[in-house]
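This report concerns only the one structure given below.
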Amino acid sequence: MRKTLLIFLVFWVVFFTNSGIATTQDVQSKVWLDTTQILIGDQVDLNLEVKSIPKTNIVFPELKDSIGKLEIIAVSPIDTQRLADGFLLKRRYVLTCFDSGTFVVPSLTILYQKQNISTLSAITTDSLFLRVYSVAVDTTKDIKDIKPIVEFHRSFWEYLPYVVGILLFIALGFLAYHLIRSRRRNELPIELRVPPHILALEALKQLDSEKLWQKGQIKEFHIRLSEIIRTYIERRFKIPALEMITSEIIAELGKNGIVEARLLENMRKSFELSDLVKFAKFIPLPDEHTFCFNIAVEFVENTKPIEVVGETKKED
């Protein structure tokens, strides 16, 4: 009986012990630090590996911002590798510490769920120790000045974007300048865009339609008539006629045969008659008003540019 009982007890212990090992071998974990000693503020990797048989769900521990005084800077995604007998899952936690001393990375709990089993099982890792050292300071020595700025040599390709940007900015500036200048040219005053004789003839036509001297506005008529012709002379011949007296205007027009003698003489009479009206309150006869107006029209018609047939340019 004693021998039989002993055999039974040995069989029971061996059977149940092997069953427990098989169950724990479904999931195996491994945790380690890249180094066990760092300087304050340095970083260290906490590596966690879990090996499992197929169709086993693994739940990694959810670590927040810190583990005690060890701060978690980054957490990598889970890297899954297929093995011949299962899967290998890896995750990396980047830690740092801003205090000196020895710190413990506590046991991490990994949950897993086997196939056809609704409950979760757990497996824990070993605890780890990390020694954080402060920077040694020799108080017997003087404080050293900060290091000077180190110049780094840059290649052409590093400067290229700046060069291209500057050239592009200059090109845009020139383009904007030419566009504005072109717009201003198109917006010139009408007297700079329309030929002088066209403006003068239109002004004379308007003056004639107003019938000023017929209404008794004799002085107003001759002032307007004189200004129209003087403005035409100034623009047509580049002579400052508005600032000159009659004799000076006639003398300038007589140079180099610009105006034929007969027309020039009639212009002199017209100007002198207008001067008498404006400054001496002289009242001309109706025929004299008509004479001054007709001479003005004739002067403009005979001195306007003549377009040469077969050519695009205009000649006097």
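The basis for the numbers below is simple: all heavy atoms, side chains too, and nothing from hydrogens, waters or symmetry mates.
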request  = Could you walk me through whether Val277 and Phe221 pass side-chain contact (heavy atoms from CB on, under 4.5 Å), step by step?
outcome  = CA-CA 10 Å; Val277 173; Phe221 170 77; over 6 Å; no
ask   = Does the side-chain contact (heavy atoms from CB on, under 4.5 Å) test come out yes or no for Ile229 and Val300, once each step is laid out?
value = CA-CA 8 Å; Ile229 298 304; Val300 174; 4.1 Å; yes
Under 3.5 Å, which donor-acceptor pairs link side chains of residues 211-218 to any protein atom two or more places apart or in another chain?
{"residue": "Lys215", "atom": "NZ", "partner": "Glu210", "partner atom": "O", "Å": "3.3"}

Extract all donor-acceptor atom pairs below 3.5 Å that involve side chains of residues 163-174 and protein atoms in other chains or at least two apart in sequence.
none

Using distance only, find each side-chain donor-acceptor pair of residues 290-298 under 3.5 Å and give its atom names and separation, not counting sequence neighbours.
{"residue": "Thr290", "atom": "OG1", "partner": "Pro286", "partner atom": "O", "Å": "3.3"}
{"residue": "Asn294", "atom": "ND2", "partner": "Thr290", "partner atom": "O", "Å": "3.3"}
{"residue": "Glu298", "atom": "OE2", "partner": "Arg262", "partner atom": "NH1", "Å": "3.3"}
{"residue": "Glu298", "atom": "OE2", "partner": "Arg262", "partner atom": "NH2", "Å": "2.6"}

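No donor-acceptor pair under 3.5 Å is formed between the side chain of Ser270 and the backbone N or O of Asn266. Between the Lys281 side chain and the Lys278 main chain, no donor and acceptor come within less than 3.5 Å of each other. Not one N or O on the side chain of Glu288 forms a donor-acceptor pair closer than 3.5 Å with the backbone of Leu273. Under the 3.5 Å distance criterion, the side-chain polar atoms of Glu234 are matched with a main-chain donor or acceptor of Ala241. Checking side-chain atoms of Thr56 against main-chain N and O of Ser52 turns up no donor-acceptor pair under 3.5 Å.
Within the structure, side-chain hydrogen bond (donor to acceptor under 3.5 Å, both in side chains) contacts touching residues 119-129 (residues at least two apart or in different chains) are Ser107-Ser127. The salt bridge (charged side-chain N to carboxylate O under 4.0 Å, His left out) pairs that include a residue from residues 157-173 are Arg154-Glu158, where partners are two or more places apart or lie in different chains. Applying the side-chain hydrogen bond (donor to acceptor under 3.5 Å, both in side chains) test to every pair with at least one member in residues 239-250, sequence neighbours left out, gives these pairs: Thr246-Asp275. Applying the side-chain hydrogen bond (donor to acceptor under 3.5 Å, both in side chains) test to residues at least two apart or on different chains, the pairs with a partner in residues 62-79 are Lys69-Asp99.
Defined by atom type and a distance below 3.5 Å, a donor-acceptor pair is present between the side-chain atoms of Ser226 and Arg230.
The distance from atom OH of Tyr133 to atom SG of Cys97, rounded to the nearest 0.5 Å, is 13.0 Å. Atom-to-atom distance recorded for Ile38:CD1 and Leu70:CG is 7.5 Å, nearest 0.5 angstrom. Rounding to the nearest 0.5 angstrom, the gap separating the OH atom in Tyr232 from the NZ atom in Lys304 is 9.0 Å. Separation of atoms CG (Leu48) and CG (Leu89) is listed at 9.5 Å; rounding is to 0.5 Å.
Residues Glu252 and Met244 form a side-chain contact, since some pair of their non-hydrogen atoms from C-beta on lies under 4.5 Å apart. Residues Val132 and Phe103 meet the side-chain proximity criterion, which asks for heavy atoms closer than 4.5 Å. The shortest side-chain heavy-atom distance between Leu130 and Gln37 does not fall under the 4.5 Å cut-off. A 4.5 Å side-chain heavy-atom check between Ile233 and Leu253 finds at least one atom pair inside the cut-off. Side-chain contact between Thr36 and Arg131 is absent, with no heavy atoms from C-beta onward closer than 4.5 Å.
Under the 4.5 Å side-chain heavy-atom criterion for grouping Ile, Leu, Val, Met, Phe, Trp and Tyr, Leu225 is not connected to Ile223 through any hydrophobic cluster. Clustering ILVMFWY residues whenever any of their side-chain heavy atoms sit less than 4.5 angstrom apart, transitively, puts Ile250 in the very cluster that holds Ile239.
Taking the six-membered ring where tryptophan is involved, the planes of Phe299 and Phe237 are tilted, since the angle between them lies from 30° to 60°.
Here the options are Val104, Leu46, Leu108, the test is side-chain contact (heavy atoms from CB on, under 4.5 Å), and the partner is Leu128; only Leu46 passes. For the side-chain contact (heavy atoms from CB on, under 4.5 Å) with Val50, the lone residue among Ile78, Val59, Ile58, Leu88 that qualifies is Ile58.
Looking at residues two or more places apart in sequence or on another chain, you find a salt bridge (Lys or Arg N to Asp or Glu O under 4.0 Å) between Glu272 and Arg268. For Asp85, the salt bridge (Lys or Arg N to Asp or Glu O under 4.0 Å) test picks out Lys51, with sequence neighbours left out. With sequence neighbours left out, Lys90 forms a salt bridge (Lys or Arg N to Asp or Glu O under 4.0 Å) with Glu49. Residues satisfying the side chain to side chain donor-acceptor pair (under 3.5 Å) criterion with Asn47, sequence neighbours excluded, are Asp34. With sequence neighbours left out, Asp45 forms a salt bridge (Lys or Arg N to Asp or Glu O under 4.0 Å) with Arg92.
Within 6.0 Å of CD1 on Ile283 lie no more than 12 heavy atoms contributed by other residues, nucleotides or ligands.
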